[in-house]
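Keep in mind it's a predicted model, so treat the numbers as computed, not measured. Every chain is numbered from 1, with letters handed out A, B, ... down the list of sequences.
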Amino acid sequence: QKEVEQNSGPLSVPEGAIASLNCTYSDRVSQSFFWYRQYSGKSPELIMSIYSNGDKEDGRFTAQLNKASQYVSLLIRDSQPSDSATYLCAAPRGGATNKLIFGTGTLLAVQP
Amino acid sequence: DTAVSQTPKYLVTQMGNDKSIKCEQNLGHDTMYWYKQDSKKFLKIMFSYNNKELIINETVPNRFSPKSPDKAHLNLHINSLELGDSAVYFCASSQARQGGEKLFFGSGTQLSVL
């Protein structure tokens, strides 16, 4: 199993809908998780981090972590065309390292 | 006032050539990184330096040689370029040495090897 796995998509949702992006992880990563957004031709930028089980909300974004199922997700409410981007899930590799391991990213397309 | 800047933005070169990419950060961060992103958007760590000390070398061919003259600069030199080196190379920095801290990325260098 890869350390961090995502469905590459594309995930297409209509404007105003909820977009749900999912990520699974292996035992080889530490228990803190990050969602980066990358617009086409641009660099990744951090939008959410989550460290404990449950939900964390920030505006239209909600990150959810389920450690028992080794599953982390990002929900985007009221999706806008400007949310169209690749969303990268990331976690640090376990142990005494500072390697942030990224998933392959999910391409989100919000249709107007 | 760019936080992490890397040059050049585009690099087109022939196989076998040697090229360098430069990176500078003005955030006062202690740790800098090189990441490679392939055509499928997979972002993979290559190197990490903390205060000029190499702390991560992620099984990268020794044709790639990072150099950090000070903690604000991390350059990447690539010898004998191969077709498979074509990718976008991102420089990044973070405040803390430990994994999981927020990474600030440069705008990327699109390397095309012909």
Side-chain angles (χ1 to χ4, degrees), chain A residues 2-11 21 23 25-26 28-52 56 58 63 65 72 84-109, chain B residues 2-7 9-10 21 23 25 27 29-51 53-60 74 87-112:
Chain A
K2 289 182 182 175
E3 290 161 300
V4 179
E5 288 198 79
Q6 297 179 254
N7 187 323
S8 61
L11 173 67
L21 302 154
C23 175
Y25 60 91
S26 75
R28 288 178 286 164
V29 300
S30 297
Q31 303 279 290
S32 49
F33 300 91
F34 304 84
W35 284 99
Y36 281 77
R37 177 177 61 200
Q38 186 176 23
Y39 292 113
S40 180
K42 301 295 184 183
S43 55
E45 57 175 336
L46 180 67
I47 55 171
M48 287 286 285
S49 57
I50 187 164
Y51 303 95
S52 40
K56 178 182 176 182
D58 183 0
L65 175 58
V72 58
S84 299
T86 297
Y87 289 80
L88 301 162
C89 175
R93 184 174 287 159
T97 74
N98 64 345
K99 298 179 186 178
L100 196 61
I101 305 302
F102 286 84
T104 51
T106 299
L107 178 60
L108 172 66
Chain B
T2 304
V4 182
S5 59
Q6 56 183 108
T7 55
K9 189 166 176 61
Y10 300 98
I21 307 172
C23 180
Q25 55 96 2
L27 297 166
H29 288 167
D30 292 331
T31 308
M32 296 185 72
Y33 310 79
W34 279 109
Y35 276 84
K36 178 181 179 181
Q37 188 169 46
D38 63 23
S39 57
K40 296 183 180 178
K41 291 287 194 178
F42 182 47
L43 193 61
K44 184 174 180 182
I45 190 168
M46 300 173 69
F47 300 103
S48 175
Y49 271 74
N50 180 265
N51 271 323
E53 177 191 352
L54 178 66
I55 54 174
I56 294 174
N57 181 338
E58 190 70 354
T59 322
V60 177
L74 180 61
V88 180
Y89 291 83
F90 285 102
C91 177
S93 72
S94 69
Q95 179 56 47
R97 181 189 179 102
Q98 292 302 314
E101 296 303 319
K102 179 176 181 178
L103 294 183
F104 291 79
F105 285 88
S107 57
T109 295
Q110 171 112 40
L111 172 63
S112 300

Engineer: For A:Leu88, which atoms come within 4.5 Å of any heavy atom of chain B: side chain, backbone, both, or neither?
Structural biologist: side chain
Engineer: For B:Lys41, which atoms come within 4.5 Å of any heavy atom of chain A: side chain, backbone, both, or neither?
Structural biologist: both
Engineer: Using heavy-atom distances under 4.5 Å, tell me whether A:Gln38 contacts chain B through its side chain, its backbone, both, or neither.
Structural biologist: side chain
Engineer: Which word best sums up how the rings of B:Phe90 and B:Phe105 line up, parallel for under 30°, tilted for 30 to 60°, or perpendicular for over 60°?
Structural biologist: perpendicular
Engineer: Do B:Gln6 and B:Thr109 have a side chain donor and acceptor closer than 3.5 Å?
Structural biologist: yes
Engineer: For B:Gln110, which atoms come within 4.5 Å of any heavy atom of chain A: side chain, backbone, both, or neither?
Structural biologist: neither
Engineer: Taking the ring of A:Phe33 and the ring of A:Tyr25, is the distance between their centroids below 6.0 Å?
Structural biologist: yes
Engineer: Any sub-3.5 Å donor-acceptor pair from A:Thr106's side-chain atoms to A:Asn7's backbone N or O?
Structural biologist: yes
